Structures are given as structure tokens and as C-alpha cells.
Undergrad: 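Okay, handing you the structure first.
FYI, the numbering just counts along the sequence from 1. In this text, all values refer to a predicted model and were calculated from it rather than measured experimentally.
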Amino acid sequence: MRAQPPPPARWADAGLVSGEAVELDVRAARLGSRVLALLIDLVAQLVVALLLGAGLSVLVVSLPRDLMDAALAGALQLVVLVLVLVGYPVLMERFAGGRTLGKLAVGLRVVRADGGPVGVGQSLTRALVGVAVEWPGLVLPLLSWAASVTVMLTDPRGRRLGDLVAGTLVVHTRGAGVWRPVPPPVPPLLGWAATLDLTRVDDGLALAVRQYLGRLHQLAGPDRSRLGRELWAEVAAVTSPPPPWAAPEPAYLAAVLAERGRRAAYRLGRARAVTATLWPELAPAPVAAPAPTALRPAVPSRPDPVRGQPTSVDARR
């Protein structure tokens, strides 16, 4: 059986090849997904900076006054900044398999240009280049930002400056498959399917029909038609009566499969009803309906006389 041609090159554009010289179906991460991962990482870095700042404040308060001066405070702040901007991505990529929190959420991963795991030196190079010329960009921020975006948009694999210097690549870890449901039955064939004798359609044949209909979009034209005719010949040999009018084989198979599922659901419902009748304790307890709210009378009742006030004659009666 021959499947459809492979997906376009844009779905497997990372250019990674396995040791058996087989190209891997891996997509390179582009600007949109990487910016989204960066925004999530910025939130995480802000949280880390707040925690480190709180710890630094406790340390400053505990130190003697003669030791704390402007130089030491500036050095501590620089250490916190380096840990947030450089230490966070390096440590996360080292212990999380080339992924930060943002990359984990989006489904990205940093690998070497040959597809191997990224090393500490490469992560450190990426982080230093990123801090210097990309984000936050200590060297000519606006110009470096424009250059970084231009490089990512023009590179065939969407790499940034840090990736080019470190020899790394960011790829997607999640597939790009599209979920497709089984084709629905044609309404004019439902009446014919309700009269079919399906007692000889076993589970194996029904499973083959289900897999064929589920993968119909993945099969090429000649082989798809041939497999459909073969399956319909097997189904038609164990069912009767024949269809009333000519239709494509997938339409017949979808109608037969839908009718078989409807009858199975009906038999299951009857079996549950019999079980509930014979063994009520096995049936799920019915959900109690809420008690109806008492309605107020349309005519208000006569109020009781207030103590200390004279009552009327009708009230005394």
C-alpha cells in the first residue's frame, strides 16, 4: 500500500538526520513560538528576581552597618542580575533537557546543530550573547533587537544570534498532526443500513473498516480505491440486502459501521435495563430532584394584631 507523499518541507525543516541517515520529522521553532516562550520565561525570571531580592534584603539587614556600603550593595545587585539573566536559562537547560519553563509550556527544546543534547558551554554562550545583543541587549538595544529579528526571519531554521554563535537549534517537541474524525454516513444510506443482517460482521472486520475510514486522508488515490473495494467486497459477502443505489465504497462502509455501532449501543442499553431490574443494588442511584419551592398565596393572609393595639371586630371573630 502506498501512502500519500510526505508533508511539505516546512513541517520537517530542522534538517536533523539520525545515525542511520534518516531525516527526522522535526520542525524548527520560529519567531512566534519563541517569543511566546520568552514571555513566559520573563515572568519566571521576574519571580526569581523577587525571591532573590527578598533574600538579599534579609542579608543586608543582618550584616553589620560598617560592612555595608554602596560598592557591596552594587555588587550584590549585579550578582542577582547575572543569576536571573544568565543563571536561569543555563541551569534550566542543564537540568531540564534543554528546556526552560517557557519552552516546556510551548513545547520547545534546545539541541545542538546535529540534534544532540545541548551542553553547559553552549547554553552559557547562548545566554551571554542573548543578554549582550538580544534581550535585554546591553549593546545598542534598538539596533541589536532589529538585527536579532532580521536574523531569525532570514535564517532557514529560525535560529537567533545566540544559536549561530553557540551552534545550537530550537526545535518543536510536539507533532503537527491534524486530528480527523471518521467520515459520517450518507443520510440516504441510513435506511438501507437499518435493514442489514450484521450477524456475520466480526470484530476484526469492523476494526479494519474503522482503521481504513480513520486513515482515509493518508492514502493515495489508486491504492485508497483498491483497499476500499476490497474491504467492501468482504463486508458485502457477509451482509444482506445489497445497497439500493451505487455509491463510493467509503460511503457504504461508513453506513455499515455506524449501524453496527448503533445496534451495539442499543444492546448495551437493554442489558443495563435488565440488570437494573434484576439487581437494583447494582444500578447507579438516581439523582434526587430538588424539592419544589412552596408557592406563596396570591391573597396575603390577615396579619396578627399587634399587642397593645385594639383589634377589629372581624379579627375577634
Side-chain angles (χ1 to χ4, degrees), residues 1-12 22-27 107 172-292:
M1 184 181 302
R2 182 169 58 89
Q4 284 185 348
R10 61 188 182 90
W11 291 114
V22 177
E23 184 179 1
L24 302 178
D25 187 11
V26 179
R27 294 182 298 150
H172 286 272
T173 59
R174 301 168 186 169
V178 180
W179 178 83
R180 294 176 182 268
V182 174
V186 181
L189 290 177
L190 293 179
W192 160 76
T195 63
L196 286 176
D197 178 14
L198 303 178
T199 54
R200 293 189 294 167
V201 179
D202 56 1
D203 295 339
L205 181 57
L207 179 60
V209 173
R210 172 66 178 81
Q211 293 178 344
Y212 167 74
L213 294 176
R215 300 174 182 174
L216 193 61
H217 62 282
Q218 299 176 352
L219 303 176
D223 295 324
R224 177 176 57 190
S225 301
R226 179 178 57 83
L227 181 59
R229 287 193 298 269
E230 292 177 358
L231 283 175
W232 170 240
E234 294 183 29
V235 173
V238 294
T239 58
S240 60
W245 45 277
E249 289 79 8
Y252 295 140
L253 296 174
V256 172
L257 190 65
E259 179 62 24
R260 191 173 188 270
R262 187 191 67 82
R263 295 183 186 182
Y266 176 73
R267 289 194 300 267
L268 180 60
R270 290 191 59 183
R272 288 180 176 177
V274 172
T275 303
T277 304
L278 298 178
W279 297 284
E281 61 276 4
L282 299 180
V287 181

Undergrad: So how far is it from Leu257 CG to Arg262 CZ, rounded to the nearest 0.5 Å?
TA: 13.0 Å

Undergrad: Within this structure, what is the CZ-CZ distance for the pair Arg215 and Arg224, rounded to the nearest 0.5 Å?
TA: 15.5 Å

Undergrad: Side chain of Arg263, backbone of Ala194: donor and acceptor closer than 3.5 Å?
TA: yes

Undergrad: Does the Tyr212 side chain pair with the main chain of Leu207, one donor and one acceptor, at a distance under 3.5 Å?
TA: no

Undergrad: First locate atom CH2 of Trp192, then atom OH of Tyr252, and finally report the distance between them rounded to the nearest 0.5 Å.
TA: 7.0 Å

Undergrad: Strictly distance-based, threshold 3.5 Å: is any side-chain N or O of Thr239 a donor or acceptor partner for the main-chain N or O of Leu196?
TA: no

Undergrad: Taking Val238 as the fixed residue, which of Leu198, Val201, Thr199 is the one that meets the side-chain contact (heavy atoms from CB on, under 4.5 Å) rule?
TA: Val201

Undergrad: Does Asp203 pair with Arg210 as a salt bridge, N-O distance under 4.0 Å?
TA: no

Undergrad: Can you name the nearest heavy-atom pair linking Ala255 to Ala193, along with the distance?
TA: O-CB, 3.7 Å

Undergrad: Identify the two heavy atoms, one from Arg200 and one from Ala237, that lie closest to each other, and give their separation to 0.1 Å.
TA: NH2-O, 3.3 Å

Undergrad: List the atom of Val256, the atom of Val235, and the distance in Å for their closest heavy-atom pair.
TA: CG1-CG1, 4.0 Å

Undergrad: Which heavy-atom pair separates Gly228 from Leu253 by the least distance, and what is that distance?
TA: O-CD1, 4.2 Å

Undergrad: May I ask you to test the Glu230-Leu227 pair for a side-chain heavy-atom distance under 4.5 Å?
TA: yes

Undergrad: Could you tell me whether the side chain of Glu234 reaches within less than 4.5 Å of the side chain of Leu205, counting heavy atoms only?
TA: yes

Undergrad: Measure the spacing between OG1 of Thr277 and CZ of Arg272 and express it to the nearest 0.5 Å.
TA: 14.0 Å

Undergrad: Measure the CZ-OG1 distance between Arg27 and Thr173 for me, rounded to the nearest 0.5 Å.
TA: 9.5 Å

